[in-house]
Amino acid sequence: MKKTVFLGALAVTGLAAGAAAAGTLDDVKARGKLNCGVTTGLAGFAAPDANGVWEGFDVGVCRAVAAAIFGDPTAVEFIPTTGKTRFTALASGEVDMLARNTTWTFTRDVDLKFEFVGINYYDGQGFMVPKSLGVSSAKELDGATVCIQTGTTTELNLADFFRSNNMSYEPVPIETNAEAQQQFLAGACDVYTTDASGLAATRATFENPGDYVILPEIISKEPLGPLVRHGDNAWGDLVRWTLNALIAAEELGITSANIDELRKGTNNPEINRILGTEGNLGEMLGLSADWAYNAIKAGGNYGELFEKNIGENTPIGLQRGLNAQWKDGGLIYAPPFR
Amino acid sequence: MTALTDPPKESFRLSMLIYDTRYRSMTIQVVALMGFMLLFAWIISNTLQNLSALGKPVDFGFLFEPAGYDINQRLIEYNSQDTHLRAAFVGLLNTLLVAALGCALATILGVIIGVLRLSHNWIVARLMTVYIEAFRNVPVLLWIVLVMAIMIETMPAPREFRGENPTASMLFGDSVAITNRGVYIPEPLFSRSLGDISVFGAFDISLDLIAFLVALFGGIYASKLVKRRADRIQAATGERPTTWHIRLGLVVIPPVAVLIALGFYLGYPELKGFNFKGGIHMRNSLIALWLALSLYTAAFIAEAVRAGILAISKGQTEAAYALGLSRSQTMNLVILPQAARVIIPPLISQYLNLTKNSSLAIAVGYMDITGTLGGITMNQTGRELESILLLMAIYLSISLSISAVMNWYNKRVKLVER
């Protein structure tokens with residue numbers, strides 16, 4: 001009897017291991033929803049609203065992928081991860097993809113075995129200080145106490161920045177953005193450092209945002225983008241081209257408002273190919289022909305997502321800057337749909 | 001005529017392994033052990049296989065790469081260009097520091113509270129009961145976070161010490177500053193320092209500290225010798241020579257002499273730039289972790305102490321009273337030494353608990369071994385399995401060392417039975 005149970009357990013484990021090796025897309029379809037790793041809460045990028053519905057710029061990417069697969073942008077389970085837990089969650093298969101202000105670096109791509117599918121926000125690390133401190137440049141921060149989210153690239157940049165400028169500092173390692181905010185507001189640290197977009201988002205939630213300034217120095221390149229595990233290229237392609245569809249849609253003027261109109265047929269073959277009225281791009285990805293239509297319809301194109309969540313008319317108030325389309329002088333560029 | 005014959009010699013047959021009760025239990029155990037080892041081997045090979053399928057074969061080489069991150073509290077020299085191994089060592093020392101501080105404070109508090117809980121004063125006894133129940137029944141993580149939140153939210157920031165009319169001021173004649181970044185206390189400095197010696201080229205130990213400790217322990221040992229001599233004289237003549245002044249002198253004078261010879265003075269913390277400079281900086285995270293762990297564990301130790309005291313029969317107390325000993329003498333000379341034998345075994349497990357609970361440090365950003373090796377290093381290098389295995393091995397060896405020491409002590413104080 002015991003033996004049977006044991007062998008049964010063995011068989012189940014073996015099957016589970018086998019299933020994990022199969023395509024992520026099949027797993028997601030079988031599960032009926034996408035598991036998407038997001039932050040534990042960063043206004044504008046990923047945070048639950050008053051009704052507990054996740055929304056934000058990164059959340060928009062998750063919803064677009066879910067819409068591309070299921071035609072339903074709500075078929076997503078959002079799994080909050082900290083800077084420390086995110087990679088383990090992705091590597092272990094707990095989440096299918098991460099859309100979580102994660103910087104694309106060599107070691108993460110090569111050594112940690114992840115695949116960054118693109119860049120949805122070009123960022124850089126900045127410093128925020130209270131105005132009353134009277135500091136106008138990061139070079140004046142010698143001896144300061146710095147709050148820093150642990151397990152991030154910013155932690156390493158910070159060490160490099162202070163070392164190369166021959167300055168000393170006192171790091172206060174912190175697990176989440178909310179804790180950092182608490183310590184920073186109480187004055188337990190002089191400086192809070194993270195990606196400049198994150199600083200702007202955090203400052204927007206303060207009671208008196210005007211009392212805090214973001215210093216002009218940007219000390220690093222932080223290209224943020226969604227990522228998946230190494231080893232399942234089909235799944236990587238799906239996420240990559242969903243992101244590209246959102247970007248191309250903005251470039252081609254496809255918005256959530258006019259998409260139904262355009263779907264009836266246009267004389268621009270690329271729009272037709274994206275929307276599935278021409279060619280069989282969806283089929284190649286293992287999806288239906290209207291995958292990109294659903295993805296764009298879910299939250300709008302890249303520009304719409306930006307304006308709605310973090311743009312200049314939101315409390316976060318980020319300018320497009322580097323994140324404008326290439327034809328407007330930015331770096332956002334989608335390869336052709338052909 | 002009778003002939004003595006040997007009982008027929010039974011030959012061993014394989015089936016006896018199953019049917020003979022003499023061998024059966026052994027057979028079952030061997031089979032079970034083999035099954036267990038097989039399962040274990042399967043788990044290991046499965047893990048290794050899956051890891052190499054992921055392209056992440058087990059490799060400890062990452063320990064020798066530069067860590068790249070800074071650590072705020074370091075007991076030895078460390079900068080961001082040192083290796084992950086050294087970062088782990090810095091974390092290990094921080095773990096040991098908070099464990100040692102915590103065990104010491106928890107023992108002191110625990111013994112006092114445990115004794116007071118048995119007090120004849122109704123209010124004191126009730127208060128101690130409330131304390132014990134409150135601390136024992138709330139998870140220690142919440143206490144840690146609470147102490148940290150109190151430190152951050154209620155203490156003044158360093159900038160409030162500045163200006164013409166500062167809203168906060170330093171205590172004890174400008175020697176101690178309590179801020180929401182931690183407590184700054186004066187540090188001992190030596191104008192004629194002996195310098196440091198390097199141990200294995202890995203870290204430095206202050207010779208001043210060694211000299212001081214040698215003088216202190218030498219004095220304590222000499223004082224013990226004096227006590228033994230007094231005991232002998234008392235046993236021989238019935239009269240005990242007055243020795244307290246000699247013993248006090250032996251304990252106090254040598255360390256003080258060493259301090260004077262080394263040119264001891266105190267370095268006071270001073271507000272400079274963004275923070276206080278100078279002095280010893282006890283960070284918020286250390287204080288929160290230390291206090292919360294001590295207060296929590298003290299509640300358990302208090303219960304062990306109470307149990308130990310109650311285990312000593314009432315007759316001992318009555319006999320001590322009959323001999324004319326006062327209440328405190330009875331407690332210190334008769335009850336506690338006997339109770340210690342009952343208290344020590346549970347005390348060992350409380351020390352182990354405290355040490356293991358110190359891994360909750362990450363909740364307040366205290367950079368212990370879990371925070372460095374099991375936190376930043378693991379996250380930056382992506383070597384989860386290796387880091388966690390190392391971490392487990394380290395905690396295991398710390399715990400086993402503590403048990404070994406405490407078991408040795410337990411053996412020493414155990415009742416010698418005839």
Exercise. Is it true that the side chains of A:Asp111 and B:Thr381 contain a donor and an acceptor less than 3.5 Å apart?
Worked result: no
Seminar exercise, completed: With chain A, the option among B:Thr377, B:Thr179, B:Ile376 that has the most non-hydrogen atom pairs under 4.5 Å is B:Ile376
Exercise. Are A:Tyr169 and B:Asp70 side-chain neighbours, meaning at least one heavy-atom pair lies under 4.5 Å?
Worked result: yes
Problem set entry | Between CE on residue B:Met378 and OG1 on residue A:Thr88, distance to nearest 0.5 Å | 4.5 Å
Problem set entry | A:Asp142, part contacting chain B, at a heavy-atom distance under 4.5 Å | backbone
Exercise. Side chain, backbone, both or neither: which part of A:Leu156 has an atom under 4.5 Å from a heavy atom of chain B?
Worked result: both
For this session: Determine whether B:Pro158 and A:Asp190 make a side-chain contact, defined as any pair of heavy atoms from C-beta on separated by less than 4.5 Å.
Result: no
Exercise. For the residue pair B:Ile152 and A:Ala186, what are the closest heavy atoms and their distance?
Worked result: CG2-CB, 3.4 Å
Exercise. Relative to chain B, which of A:Ala188, A:Ala91, A:Ser132 shows the most heavy atom pairs under 4.5 Å?
Worked result: A:Ala188
Seminar exercise, completed: Between the CG atom in A:Leu112 and the CD atom in B:Gln380, the distance rounded to the nearest 0.5 Å is 9.0 Å
For this session: Output the distance between atom CG (A:Leu185) and atom CD (B:Glu153), rounded to the nearest 0.5 Å.
Result: 8.5 Å
Problem set entry | Step-by-step side-chain contact (heavy atoms from CB on, under 4.5 Å) determination, A:Val146 to B:Phe274 | CA-CA 11 Å; A:Val146 183; B:Phe274 293 100; over 6 Å; no
Problem set entry | From CG (B:Asn379) to OG1 (A:Thr82), nearest 0.5 Å | 7.5 Å
Exercise. Which distance, rounded to the nearest 0.5 Å, do you find between the CG of A:Asp160 and the OG of B:Ser80?
Worked result: 6.5 Å
Exercise. Taking all non-hydrogen atoms of both residues, which atom of A:Ala159 and which atom of B:Gly68 are closest, and how far apart?
Worked result: CB-O, 3.3 Å
Exercise. Out of curiosity, A:Cys189 SG to B:Arg181 CZ, how far, rounded to the nearest 0.5 Å?
Worked result: 7.0 Å
For this session: Output, in order, the C-alpha distance, side-chain angles, deciding distance and verdict of side-chain contact (heavy atoms from CB on, under 4.5 Å) for A:Glu179 and B:Met148.
Result: CA-CA 11 Å; A:Glu179 285 169 48; B:Met148 185 69 172; over 6 Å; no
Exercise. Taking A:Val172, A:Thr105, A:Leu141 one by one, which has the highest count of heavy-atom pairs under 4.5 Å against chain B?
Worked result: A:Leu141
Problem set entry | Contact leader toward chain A among B:Asn72, B:Val364, B:Asn79, where contacts are heavy-atom pairs under 4.5 Å | B:Asn72
Exercise. Under 4.5 Å between any side-chain heavy atoms of A:Glu170 and B:Gln73, yes or no?
Worked result: no
Seminar exercise, completed: Turns out that what part of B:Ile71 lies under 4.5 Å from chain A's heavy atoms comes down to backbone
Exercise. Chain B: which of A:Arg163, A:Arg108, A:Glu175, A:Arg229 shares the most heavy-atom pairs with it under 4.5 Å?
Worked result: A:Arg163
Exercise. Side chain, backbone, both or neither: which part of B:Met367 has an atom under 4.5 Å from a heavy atom of chain A?
Worked result: side chain
Problem set entry | Residue A:Lys221 excluded, over 12 heavy atoms near NZ under 6.0 Å | no
